[in-house]
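Per chain, numbering begins at 1; letters A, B, ... match sequence-line order.
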Amino acid sequence: MAEQERIHKTRQQETVDAQEAVRVDASRHDQLKNDLDELLDEIDEVLEDNAEEFVRNYVQKGGQ
Amino acid sequence: MDRRIFGLETEYGVTFSLHGQRRINPDDVSRIIFRRIVASGRSSNVFLENGSRLYLDVGSHPEYATAECDNLFDLLAQDRAGDVLMNELVDSAQQHISPEGTSGQIHLFKNNVDSAGNSYGCHENYCTERDEDLSRHEQFLIPFLITRQLFAGAGRVITTPSRGTYFSLSQRAEHIWETISSATTRSRPIINTRDEPHADPERFRRLHVILGDSNMSDFATILKVGATSLVLSMVEDKNTVLRDLTLDNPMKALRDVATDPLGDRHVTVRLTNGRELTAWQVQSEICERVEHYVQGRDLSDDQRFVVSAWRATLEQMAVDPLVLADRIDWITKMQLITQLCNSEGIGLSHPKVALVDLLYHDTHPTRGLYNRLRHKGHTVRLVADDAVARAVTTPPQTTRARLRGEFVRRAKEQRRDFSVDWVHLKLNDHVQRTLILKDPFKSHDERFDRLYETL
């Protein structure tokens with residue numbers, strides 16, 4: 001059982017306060033909205049210059 | 001509550017692009033990505049030190065199947081380890097294709113639909129007791145699975161002849177045609193009944209759910225598998241009386257729910273008993289039933305997390321769903337796309353929207369849009385980076401996967417010729433010793449110890 005307990009403890013440390021994560025945080029949402037413009041500006045740099053072509057060429061075969 | 005074994009299988013989409021143009025077809029890109037795997041394992045189907053399986057699947061999709069886990073946080077770490085492993089292979093393939101790094105890029109997407117409408121999956125596996133009666137699944141599990149897209153959907157901008165262009169909750173909703181059947185690619189069902197338990201067939205079955213979207217979000221991944229597992233426990237417990245929620249037309253319900261992400265059109269689904277409920281009402285009723293069911297039962301930490309996360313999510317959805325942009329994939333993506341459309345004055349059918357929709361799922365740590373948001377701290381994190389790094393080389397310690405992972409690592413170190421699958425560990429020497437591991441819950445085994453010593 002000692003082994004199980006050790007695993008249990010390690011998991012807890014690693015799971016970044018899970019109960020805290022459940023709490024819904026509206027202020028976080030405001031920060032996100034503020035940063036989205038910045039993110040969209042940034043992605044302009046990494047975005048393919050030819051969005052239409054890129055998207056049209058993204059063709060796979062079906063999977064399961 | 002009893003432990004349950006579960007796992008995730010992810011089919012990735014690949015493309016190679018140079019200034020938007022496709023210069024290498026996906027089959028070849030996949031082959032180049034798997035070059036290193038084939039070189040070391042002589043096959044494009046290998047089991048790794050962390051107990052997982054890596055292979056090229058139907059349609060040349062690189063696929064990663066996590067090792068069997070009995071804890072949701074372990075599962076999350078193992079699933080994210082798959083992204084890390086795939087990205088290492090992609091980096092190496094990228095070097096192979098363009099050593100100078102100037103002529104085009106490989107993109108690896110963790111999504112479920114390409115631009116031509118081909119679909120590939122993220123399959124969930126749940127180990128269950130053997131029981132051939134699936135009537136309670138139809139009555140309760142199917143309605144749950146159809147409406148869980150509220151929190152498990154990855155979102156997608158879709159154009160159909162009848163509905164025009166709209167934001168759909170789910171990537172997969174348009175690609176599923178039956179509730180329960182044995183088909184896979186022809187006429188995909190919600191639950192695939194192919195009977196491959198990968199364990200003692202007299203005791204176990206493996207419930208194979210192929211409806212789900214691939215989730216980028218930690219929170220959505222855990223909630224999806226965790227809530228499904230709890231509902232399944234209730235369905236399997238025949239002493240528990242459940243109110244029949246059988247849907248009148250499940251496929252119509254699946255598609256209809258997907259068209260009303262914010263719930264503001266009050267789209268309802270009809271039950272066979274005549275009740276008309278919104279997806280939120282169905283979820284709310286099931287969540288409440290689960291809360292009641294788990295009362296007085298001994299829950300593990302991850303199960304407890306799921307019950308409160310599920311309730312908190314539904315409550316917030318009733319007030320203002322957009323606030324959940326830090327944890328629910330479709331909401332994160334919808335925010336991104338709304339902002340893009342507003343700032344550029346474009347509509348949903350603009351190609352740039354489709355590009356952002358795709359790049360949300362790019363698994364590259366800095367190019368992928370979800371990953372960028374995660375890096376900036378805008379998303380709920382439920383697994384630490386070092387736990388993911390460890391999961392790349394270490395199997396879950398509390399299931400059969402521990403034995404498989406240890407065996408693979410040791411056999412490789414000792415340069416032994418071996419074969420492995422979910423159930424068998426085999427040494428290809430003159431004695432041909434094979435160990436059969438029929439119990440996925442068993443992480444220690446004396447027969448294994450004896451075999452291991454001879455390695």
Side-chain angles (χ1 to χ4, degrees), chain A, chain B residues 11 13-15 17 19-22 26 57-61 71 73-74 77 114-116 118-121 123 184-185 188 210 219 301 305 308-309 312 316 322-326 335-336 339-340 343 351-352 354-356 358-359 367 369 372-373 376 378 380-384 386-387 397-398:
Chain A
M1 243 27 246
E3 170 74 357
Q4 287 281 348
E5 221 152 81
R6 190 190 59 74
I7 292 166
H8 183 72
K9 281 217 172 104
T10 326
R11 267 179 194 151
Q12 286 228 308
Q13 286 155 8
E14 282 170 358
T15 51
V16 203
D17 200 344
Q19 286 306 322
E20 176 63 20
V22 172
R23 210 169 51 83
V24 175
D25 185 352
S27 70
R28 202 157 165 173
H29 184 233
D30 295 332
Q31 285 170 20
L32 170 69
K33 279 200 287 196
N34 292 336
D35 274 10
L36 277 180
D37 272 330
E38 193 187 312
L39 179 83
L40 288 166
D41 284 343
E42 281 171 25
I43 60 171
D44 265 339
E45 294 153 26
V46 291
L47 278 188
E48 291 284 345
D49 36 20
N50 197 339
E52 194 167 2
E53 194 114 0
F54 183 92
V55 170
R56 196 173 44 235
N57 283 323
Y58 182 59
V59 177
Q60 313 282 294
K61 288 177 190 162
Q64 286 190 9
Chain B
E11 292 181 316
V14 290
T15 191
S17 165
H19 305 305
Q21 296 183 352
R22 186 168 101 175
D57 195 41
V58 184
S60 300
H61 293 283
N71 175 287
F73 294 100
D74 282 355
D114 73 6
S115 305
N118 297 305
S119 184
Y120 34 96
H123 305 165
T184 53
T185 50
R188 290 187 201 92
I210 69 176
F219 187 90
D301 286 349
F305 172 79
S308 46
Q316 184 59 43
L322 295 183
V323 172
L324 298 167
D326 64 353
Q335 291 279 83
L336 202 56
Q339 192 93 351
L340 174 74
S343 68
K352 208 161 170 183
L355 183 59
V356 165
L358 258 183
L359 291 181
R367 271 201 316 260
L369 298 187
R372 280 176 98 100
L373 287 172
K376 284 168 180 274
H378 287 308
V380 172
R381 281 191 191 217
L382 294 175
V383 62
D386 55 351
Q397 296 295 297
T398 50

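Only the side chain of B:Gln316 comes within less than 4.5 Å of a heavy atom of chain A; its backbone N, CA, C and O stay farther away. Interface remark: B:Leu322 contributes backbone and side-chain atoms alike to the contact with chain A (heavy atom separation under 4.5 Å). Contact annotation for A:Asp30: neither backbone nor side-chain heavy atoms come within less than 4.5 Å of a heavy atom of chain B.
If you take CG on B:Leu336 and CG on A:Leu40, they are separated by 5.5 Å, rounding to the nearest 0.5 Å. Put simply, CG on B:Leu355 and CG on A:Asn50 are 9.5 Å apart, with the number rounded to the nearest 0.5 Å. Taking CD of A:Glu38 as the start and CZ of B:Arg372 as the end, the distance is 9.5 Å to the nearest 0.5 Å.
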Show your working on side-chain contact (heavy atoms from CB on, under 4.5 Å) between B:Asp326 and A:Leu32 and close with a plain yes or no.
CA-CA 8 Å; B:Asp326 64 353; A:Leu32 170 69; over 6 Å; no
Please report the C-alpha distance between A:Asn57 and B:Ser17 in whole Å, then the side-chain angles of each, then the deciding distance to 0.1 Å, and finally whether the side-chain contact (heavy atoms from CB on, under 4.5 Å) criterion is met.
CA-CA 8 Å; A:Asn57 283 323; B:Ser17 165; over 6 Å; no
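Minimum heavy-atom separation, B:Pro26 to A:Val59: CG-O, 3.3 Å. Closest heavy-atom contact between B:Ala312 and A:Val22: CB-CG1, 3.6 Å. When all heavy atoms of A:Gln60 and B:Val14 are compared, the closest pair comes out as NE2-O, 2.5 Å. Of all non-hydrogen atoms in A:Val55 and B:Pro351, the two that sit nearest each other are CG2-O, 3.9 Å.
Chosen from B:Val323, B:Leu340, B:Thr15, the residue pairing most often with chain A at heavy-atom distances under 4.5 Å is B:Val323. The residue among B:Ala354, B:Ser60, B:Ser115 with the most heavy atom pairs within less than 4.5 Å of chain A is B:Ser115.
Put simply, the side chain of B:Gln339 does not reach to within 4.5 Å of the side chain of A:Leu39, judged on heavy atoms. Between B:His378 and A:Leu36, the closest side-chain pair of non-hydrogen atoms is not below 4.5 Å.
In this structure, the side chain of B:His61 engages the main chain of A:Lys61 through a donor-acceptor pair within 3.5 Å.
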